[in-house]
Amino acid sequence: MAKNRFQGKDGPNTRQLRVGEVIRRSLSEILQRGEVHDPDLQSMSITVGEVRMTPDLSIATCFVLPLGGKDADLAIEALARNKGELRHLISKGMKLKATPDLRFRIDDMYDRLDQTRAMFADDRVARDIAAEPGDED
């Protein structure tokens with residue numbers, strides 16, 4: 001079996017990043033303009049933080065979060081319900097053989113940033129960071 005060269009330490013290639021960014025921008029504009037005819041989606045502002053592509057560009061995982069972080073599960077359900085229409089609208093602006101399948105996940109980047117800030121604010125961590133290399137006390 002051939003080794004998948006995209007898994008592991010190498011990370012995504014340039015094409016994956018480029019296609020992911022085009023999808024992110026397109027999806028963001030579609031949601032902002034309210035082109036999807038769903039009352040749940042039209043009643044909320046959704047931020048598209050990141051889109052990660054599989055190496056074969058067949059699946060796009062979209063990390064989204066409603067403004068304020070409220071009703072995130074409702075937003076994911078509404079996006080999943082309308083993913084066919086979203087794929088169709090995204091495909092208009094792309095020049096790929098096939099439009100990737102869309103999957104939606106809650107973007108927890110801001111929560112992780114808050115946790116990291118809290119960790120660095122901890123006295124023990126600050127003391128360890130301030131210690132010079134070689135000090136073991």
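The model shown is predicted, which means the values in this text are computed figures rather than measured ones. Note that these values count all heavy atoms, side chains included, but never hydrogens, waters or copies made by symmetry. For this chain, numbers begin at 1 and follow the sequence in order.
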Between CG of L31 and CD of Q42, what distance do you get to the nearest 0.5 Å?
10.5 Å

Across all chains, not counting sequence neighbours, the side-chain contact (heavy atoms from CB on, under 4.5 Å) partners of S28 are V48

R81: which residues meet the side-chain hydrogen bond (donor to acceptor under 3.5 Å, both in side chains) condition with it, sequence neighbours left out?
D38, D40

Salt bridge (charged side-chain N to carboxylate O under 4.0 Å, His left out) with D71: which residues, sequence neighbours excluded?
none

Sorted by chain and number, sequence neighbours left out, salt bridge (charged side-chain N to carboxylate O under 4.0 Å, His left out) with R24 holds for E21

Could you tell me whether the side chain of Q16 reaches within less than 4.5 Å of the side chain of N13, counting heavy atoms only?
yes

Which one of I76, D107, V51 satisfies the side chain to side chain contact (heavy atoms under 4.5 Å, CB included) criterion with V64?
I76

In Å, rounded to the nearest 0.5 Å, how long is the span from CG of D101 to NZ of K83?
4.0 Å

Identify whether F104 and F63 are in the same connected component of the hydrophobic contact network (ILVMFWY, side-chain heavy atoms under 4.5 Å).
no

With no hydrogens and no angle check, is any side-chain donor or acceptor of E35 less than 3.5 Å from a backbone partner on I30?
no

What residues form a side-chain contact (heavy atoms from CB on, under 4.5 Å) with R18, not counting sequence neighbours?
T14, R15

For L67, which residues count as a side-chain contact (heavy atoms from CB on, under 4.5 Å) partner, sequence neighbours excluded?
S45

Going through the distances and angles, do D73 and I106 end up as a side-chain contact (heavy atoms from CB on, under 4.5 Å)?
CA-CA 8 Å; D73 292 330; I106 296 173; 3.5 Å; yes

R103 side chain reached by I59 side chain, heavy atoms, under 4.5 Å:
yes

Evaluate L102 against I90 for side-chain contact (heavy atoms from CB on, under 4.5 Å), listing each step before the verdict.
CA-CA 10 Å; L102 301 176; I90 288 171; 3.9 Å; yes

Please identify which of these residues, V19, L17, T61, meets the side chain to side chain contact (heavy atoms under 4.5 Å, CB included) condition with M53.
V19

Once you round to the nearest 0.5 Å, how far does CD1 of I46 lie from CD of Q32?
12.0 Å

Apply side-chain contact (heavy atoms from CB on, under 4.5 Å) to K97 and L57, showing your working.
CA-CA 10 Å; K97 266 192 224 181; L57 304 178; over 6 Å; no

With sequence neighbours excluded, what pairs up with E29 under the salt bridge (charged side-chain N to carboxylate O under 4.0 Å, His left out) test?
R33

Restricting to side-chain contact (heavy atoms from CB on, under 4.5 Å), what partner residues turn up for D56, sequence neighbours left out?
T54, S58

Would a distance-only check, ignoring hydrogens and angles, find a side-chain to backbone donor-acceptor pair under 3.5 Å from R87 to P100?
yes

